Structures are given as C-alpha cells and as structure tokens.
Amino acid sequence: MRSVLRLLLVVLGSCAYAGLAVLGWGGFRSFFSHLALVALVVVLLALSVVASFAGGNLSVGVRASGNRWVIPVFVLIGFLNAYLPAYTDRRELWTIDGDTIRWVGVALFAAGGALRIWPVFVLGERFSGLVAIQPVHTLVTGGIYGVIRHPSYLGLLINSLGWSLAFRSGVGVLLTVLLIPPLLARIDAEENLLYSQFGDDYNTYRSRTSRVIPGIY
C-alpha cells in the first residue's frame, strides 16, 4: 500500500509539473502538436514511475545539517522552470532556433533523470531529501561513487538543462545556472556532515574523487 501511495503521489506531482508546461504553451492541442514535447512528457512520467521504486526518504536521521534554506529555493526554481521555458517558447522570447535542439533537450532530460535516480537505488534508505546521517549509515565509495561524490546533483543539472532545451529556452538555461549556488551550498553542508561522521576515511575518499564533474570539479 505504501509503494502504491508513493507511486500515485510521484506521478501526480509529475503530471502537475507537466501541466504547468502545458499551461505555459497555451493548451494541450498546441503543446502536444510537437513530437519532441510529447516525448518529453513520456520520459518525465517514465522517470517518475522508476523514481517511485528507488527508495530514499525525508528523515532527519540521527544527525542533520541546518541548510534547509536550499529546499524552498529548489522548489521555487523548479516551478519557474516548469512554466517559463514553455511560455517563452510559445512567445518566441529568447529562444534557441532549430527543432533539433528540442530533441537534444529530450535526450539530456532522460540522461540527467537516469543519473539523478541511479544513486537513490544505490543508497536506498540512506538517500535523504534532507542532508542527514541515517541510522547505520555507511560510506559508499564504489560504482559511480568511486568517480564522483555527488552524481545525483550532476543528474539534476543535466535534467534541468535538458528540460530547458526541449523548449529552446534561454530563460530555462539561466534558471539551470541559478541552481548552481544552492547546489554548491548543499554539497558543502553534506560533505562537512560526512566528514564529521567518517573523519579521515571521508578525507581519503575525497582525495581520489571529483565532486561533480569527473576530472574537472
């Protein structure tokens, strides 16, 4: 029952998000006249279904960071990114020409979404929407975590950029850039918390991995 409820809530949330884009584009008929936008919504719903089975939680755990301010910032940017790229696409405001860019956006949206969800499957209940240490928390250093320490955040940026490009939206690209400062603040808080929990083991792990972009940052 809990899994069904979670699936229902996630899918309803995604439908609401897509609904804002449809509203921005001026209605269902005009929105779904673009094959790339149809594909975008299909990918969104597919990712939502997969995400509902990925695990994770919103528990404050046994130790937590105090940087909760980033959550309303993410929510605000998310709502703006749902509506504004579609609106500016319809109005031809600061758009990137060419239908090909829409399909590039769909591909990036799918790839970013998969990268966003993958770590949730790896961490399971240790993955929290809050920066928190969960009971019996262990440090995961293998797989994708053996290359970068925050793959889910990289996935979020790629996913957001893909959504924006699917609407050819320069405004959407700017909103994606605006995600970076709160993401960096969250990364700092998360790494400080993990260091306080795992000490030198975490420092050793940090010394051989990148934060977000392999070999660059």
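Numbers here are sequence positions counted from 1. Since we're looking at a predicted model, the values are computed, not measured.
- By the criterion of side-chain heavy atoms lying less than 4.5 angstrom apart, applied directly or through intervening Ile, Leu, Val, Met, Phe, Trp or Tyr residues, Ile71 is grouped together with Leu76 in one hydrophobic cluster.
- Taken from CD1 in Ile216 to CD1 in Ile148, the straight-line distance is 11.0 Å, to the nearest 0.5 Å.
- Within the 4.5 Å cutoff, no side-chain heavy atoms of Thr209 are placed close to those of His150.
- Atoms CD1 and OH, on Ile187 and Tyr153 in that order, are 6.5 Å from each other to the nearest 0.5 Å.
- At a threshold of 4.5 Å between non-hydrogen side-chain atoms, the residues Leu40 and Val106 count as touching.
- When all heavy atoms of Ser210 and Gly215 are compared, the pair lying nearest together is OG-N, 2.9 Å.
- Looking at Tyr205, its side chain does come within 3.5 Å of a backbone N or O of Tyr145 through a donor-acceptor pair.
- Distance check, rounded to the nearest 0.5 Å: CG of Asp188 to CG of Leu183 gives 11.0 Å.
- If you chain together hydrophobic residues whose side chains sit under 4.5 Å apart, Ile213 and Leu156 fall into the same group.
- At a threshold of 4.5 Å between non-hydrogen side-chain atoms, the residues Ser164 and Asn81 count as touching.
- Using a 4.5 Å cut-off on side-chain heavy atoms (C-beta onward), Ser169 and Asp89 make no contact.
- The closest side-chain heavy-atom distance from Leu194 to Gln197 is not below 4.5 Å.
- At least one side-chain heavy atom of Tyr217 sits under 4.5 Å from a side-chain heavy atom of Leu184.
- Between Arg206 atom CZ and Glu191 atom CD the span is 5.5 Å, to the nearest 0.5 Å.
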> When you look at Leu9 and Ser52, which way does the side-chain contact (heavy atoms from CB on, under 4.5 Å) test go after all the steps?
Replying inline: CA-CA 9 Å; Leu9 290 174; Ser52 69; over 6 Å; no
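- The backbone N or O of Gly155 lies less than 3.5 Å from no partner atom in the side chain of Arg116, so there is not a single donor-acceptor pair.
- Across Ser30 and Gly26, no two heavy atoms sit closer than the pair OG-C, 3.9 Å.
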>> Working note: Val173 + Leu161, criterion side-chain contact (heavy atoms from CB on, under 4.5 Å); need CA distance, chi angles, decisive distance, verdict.
In response: CA-CA 6 Å; Val173 173; Leu161 178 62; 4.0 Å; yes
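- A donor-acceptor contact shorter than 3.5 Å is absent between the side chain of Arg168 and the backbone of Ile101.
- In the hydrophobic clustering of this structure, Val177 does not group with Phe79; members are Ile, Leu, Val, Met, Phe, Trp, Tyr whose side-chain heavy atoms approach within less than 4.5 Å, directly or through other members.
- Environment of CG in Asp200: sparse, with no more than 12 heavy atoms of neighbouring residues, nucleotides or ligands closer than 6.0 Å.
- Pairing each heavy atom of Tyr83 with each of Gly24, the nearest pair is CE1-CA, 3.4 Å.
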>> Working note: Leu154 + Leu115, criterion side-chain contact (heavy atoms from CB on, under 4.5 Å); need CA distance, chi angles, decisive distance, verdict.
In response: CA-CA 8 Å; Leu154 176 60; Leu115 184 57; 3.8 Å; yes
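- Contacts of Arg91 classified as salt bridge (Lys or Arg N to Asp or Glu O under 4.0 Å), with partners at least two apart in sequence or in another chain: none.
- Leu47 and Ala114 get closest at one heavy-atom pair: CD2-N, 3.9 Å.
- Counting only heavy atoms from C-beta outward, the side chains of Phe167 and His34 never approach each other to under 4.5 Å.
- Side-chain atoms of Ser160 never come within 3.5 Å of backbone atoms of Leu157 as a donor-acceptor pair (strictly under, hydrogens ignored).
- The main-chain N or O of Val10 is found under 3.5 Å from a side-chain atom of Ser14 such that the two form a donor-acceptor pair.
- Using a 30° and 60° split on the angle between ring planes, Phe32 and Phe28 fall in the parallel class, below 30°.
- Under a cut-off of 6.0 angstrom, the local environment of CZ in Arg208 is crowded, with over 12 non-hydrogen atoms contributed by other residues, nucleotides or ligands.
- With hydrophobic clusters built from ILVMFWY side chains whose heavy atoms lie under 4.5 angstrom apart, Val38 shares a cluster with Trp25.
- Summarising the local packing, CH2 of Trp103 is surrounded by more than 12 heavy atoms from other residues, nucleotides or ligands at distances under 6.0 Å.
- Rounding to the nearest 0.5 angstrom, the gap separating the OH atom in Tyr87 from the CG atom in Leu20 is 14.5 Å.
- The shortest distance between side-chain heavy atoms of Leu165 and Phe109 does not fall below 4.5 Å.
- Listed here is the closest heavy atom pair of Pro151 and Pro119: CG-CG, 3.5 Å.
- Nearest approach of Thr95 to Thr88, heavy atoms of both residues: CG2-O, 3.5 Å.
- Looking only at distances, no side-chain donor or acceptor of Arg102 sits under 3.5 Å from a matching main-chain atom of Leu37.
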